[in-house]
Amino acid sequence: MLVGTSTSMYSLKLKSFGRIARCFSTTSSSPLRICVVGSGPAGFYTAEKLLKAHESVEVDIIDRLPTPFGLVRSGVAPDHPETKVVINQFSRVAQNERCSFFGNVSLGSSVTLLELRNMYNAVVLAYGAESDRSLGIPKEELAGIYAAREFVWWYNGHPDCRNLAPDLKSSDTAVILGQGNVALDVARILLRPIEELARTDIASHALAALEESSIRKVYLVGRRGPVQAACTAKELREILGIKDLGVYIKPADLVTTPADEIEMKNSRIRRRVHELLSKAVTPGCTPVASQRELHFVFFRKPDMFLESDDKSGHVGGIRLEKTALKDVGDDELVKQVAVGTGVYEDISCGLALKSIGYKSVAVDGLPFDTNKGIVPNDRGRVLADASHGHLQHDIGLYVCGWLKRGPTGIIGTNLHCAEETISCISEDLNRGALASASTKPGREGLRQVLDSRNTRVVPFDGWGKIDCEERRRGSLKNKPREKLATWEELLEVACR
Amino acid sequence: MDGWSERLALGRRPVGVRCRRGAALVLPLVRNLIESVVPYVSRRERYSRSLQALHYRPRDSSAARKFSSLLSNSMAHNQYLKTQSHASFCTSAAKLDSEEGDEEPQRINVTFVDKDGEEKHISVPEGFSMLEAAHDNDIDLEGACEGTMACSTCHVIVMDEDQYNKLPDPVDEELDMLDLAFGLTKTSRLGCQVIAKRELDGLRLALPSATS
């Protein structure tokens with residue numbers, strides 16, 4: 001690193017110290033012990049910014065998996081390796097001497113929230129959203145219907161979905177409900193030529209299943225129109241560019257209304273998505289027998305699933321109701337919702353994936369808003385129901401990431417989310433609301449509690465061993481890594 | 001008064017600062033000398049090293065460490081350079097190739113303005129991206145995907161419209177990422193795609209505010 005070519009480096013250093021001092025004026029000398037629950041982007045950005053802002057803070061990150069990085073490892077698609085590069089930055093945070101990673105430690109079973117709050121000055125919950133919104137329609141429990149999250153975990157080698165075993169051989173059609181980026185990801189993995197997938201870090205059990213897959217048609221179904229589709233340009237461009245893929249969109253669906261025009265005017269993303277979809281339609285295109293097909297179905301909402309005639313208890317199709325858009329916004333703000341019209345149509349399929357949104361999971365002792373699926377909070381400070389329905393800040397407890405904002409946004413969205421939460425932590429610290437560190441056992445206290453329960457803690461070095469082993473196995477197959485996809489393998493390698 | 005306070009009181013800069021300022025003048029020349037002699041160092045490798053230096057290392061001997069790491073580095077291209085196909089990296093890699101044995105690269109003046117309005121003036125060699133320059137100079141610009149146009153965290157705002165117009169048009173991939181950037185403006189660009197060239201001397205870049 002260049003020492004600096006600025007001619008006023010000395011005054012700049014004074015200014016930066018001043019800035020840090022303003023954040024932590026009276027208490028920067030006493031150590032602060034903070035526990036972050038969750039090691040995805042929210043957890044790591046929180047830890048990184050805490051370490052930068054306070055010279056003597058100690059941050060401990062816990063995660064229920066032996067592997068860190070959350071959705072960067074288990075959510076980002078295998079054919080998006082550049083998006084995973086942020087792992088390098090997070091690794092540097094974990095290797096800082098003031099930071100420790102405790103893998104295979106589960107909030108609730110390995111250690112309770114109350115115990116953490118007693119051992120640390122502050123606890124930041126960043127454990128994301130590991131559940132799913134449900135459609136609430138008949139026959140949703142049929143086999144062959146999965147949440148997109150489960151399918152993504154399956155092909156990304158998450159140990160909880162190792163045995164998902166989706167049936168990709170009984171039908172040539174998959175229906176995906178939802179048109180966001182996760183929906184496009186799963187569609188792309190189903191439609192990409194297998195030789196391209198074989199060079200990625202896709203889990204080997206998924207690659208084997210996809211090699212034998214008979215899925216040739218994928219339907220992406222949305223309740224509203226192309227202007228309201230939740231995907232973004234990069235992902236759309238990518239899927240439309242797949243080799244030998246026929247893309248089908250009804251031209252009538254692309255016609256925009258005045259309300260649509262206002263929505264597009266207000267949002268650059270919506271405009272560019274509509275442009276891409278309009279260009280994707282090839283007039284007079286006839287289906288080729290061997291070609292794979294991607295169908296964008298708009299203005300249809302799921303009414304019920306249909307059981308297969310051949311395979312009892314298994315999905316055989318889905319009934320969709322045609323919708324029309326109704327503007328329920330006021331004045332300038334356009335908000336269009338889908339309203340059923342009573343006209344139905346069926347699509348046969350052997351695989352149905354619901355990509356309608358993730359949902360967070362509540363934890364004992366934590367207030368939870370079941371409607372929004374988040375912990376009630378004010379800029380990251382958790383709000384507890386004090387009395388008579390009046391909410392007040394639960395001092396020392398904070399949230400960051402999807403648990404705070406809901407399950408939207410990209411990795412970078414957590415940067416600003418973490419900054420906001422940390423500014424609240426520093427305000428509380430400055431006014432003396434957080435107990436002084438001398439009364440909190442921190443890392444040592446946590447180790448004692450975990451030892452007393454015989455928890456097999458995986459430190460960051462343990463992830464290093466998993467990482468090495470995965471790369472080694474991957475090099476034998478010309479893949480960047482071959483993921484260890486079972487709890488037993490992960491723990492065995494980590495604890496070698 | 002102790003020695004430090006006495007020196008400040010007399011209006012003299014403390015010894016440590018004088019040494020650092022001297023080093024600040026000498027070290028870039030030493031670095032350029034090494035880069036013209038040592039075989040080609042991949043841009044990606046240098047970038048990774050500057051990123052490593054950014055995080056939580058004491059600010060004293062970082063220059064010495066970089067000196068020794070430059071000497072010991074090899075010509076190996078890592079997998080990211082191989083796989084990513086973005087024009088800017090190819091352009092700057094070509095530029096770096098042409099630096100070998102040629103004159104020292106010209107430098108331009110760039111000013112970064114953070115969200116509190118504080119300015120930092122730096123000098124950037126031609127062919128470097130603003131993201132690399134920021135990290136080389138301890139400026140707090142994130143680069144989650146390390147310059148591969150897979151995120152929007154290095155979003156910068158070109159403060160002068162004329163300067164914005166001097167930049168080559170963004171490719172679709174950059175526009176896709178800018179769509180998602182926080183605090184997007186009409187003169188926003190990704191810092192990893194703004195490459196220093198003579199015409200951009202005096203460039204002023206603002207870092208977006210954290211909260212809108």
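All values reported here derive from a predicted model rather than from experimental measurement. Computed from heavy atoms alone, side chains included, the values below leave out hydrogens, waters and symmetry copies.
- Inter-residue side-chain proximity for A:Glu235 and B:Asp176 is flagged as unmet; no heavy-atom pair is nearer than 4.5 Å.
- The residue from A:Arg272, A:Lys234, A:Arg271 that alone fulfils the side-chain hydrogen bond (donor to acceptor under 3.5 Å, both in side chains) condition with B:Asp179 is A:Arg272.
- By the side chain to side chain donor-acceptor pair (under 3.5 Å) test, A:Asp467 is found to be paired with A:Arg471, A:Arg481, residues two or more places apart in sequence or in another chain being considered.
- No more than 12 heavy atoms of other residues, nucleotides or ligands shown are found within 6.0 angstrom of CD on B:Glu161.
- Side-chain N/O atoms of B:Glu146 and A:Gln89 include no donor and acceptor closer than 3.5 Å.
- A:Lys477 pairs by the side chain to side chain donor-acceptor pair (under 3.5 Å) definition with A:Glu482, not counting sequence neighbours.
- Here the straight-line distance linking atom OG1 of B:Thr153 with atom CD1 of A:Ile411 works out to 9.5 Å at 0.5 Å rounding.
- In terms of heavy atoms, A:Ile410 sits closest to B:Ser152 at CD1-OG, 4.1 Å.
- Within a 6.0 Å radius of CG in A:Asn478, other residues, nucleotides and ligands contribute 12 heavy atoms or fewer.
- In this structure, A:Arg268 contributes its side chain and B:Leu175 its backbone to a donor-acceptor pair below 3.5 Å.
- The distance from the NZ atom of A:Lys84 to the SG atom of B:Cys145 is 14.5 Å, given to the nearest 0.5 Å.
- If you measure heavy-atom distances from A:Thr232 to chain B, the contacts under 4.5 Å come from the side chain alone.
- For A:Phe44, no part lies near chain B; criterion is any non-hydrogen pair under 4.5 Å.
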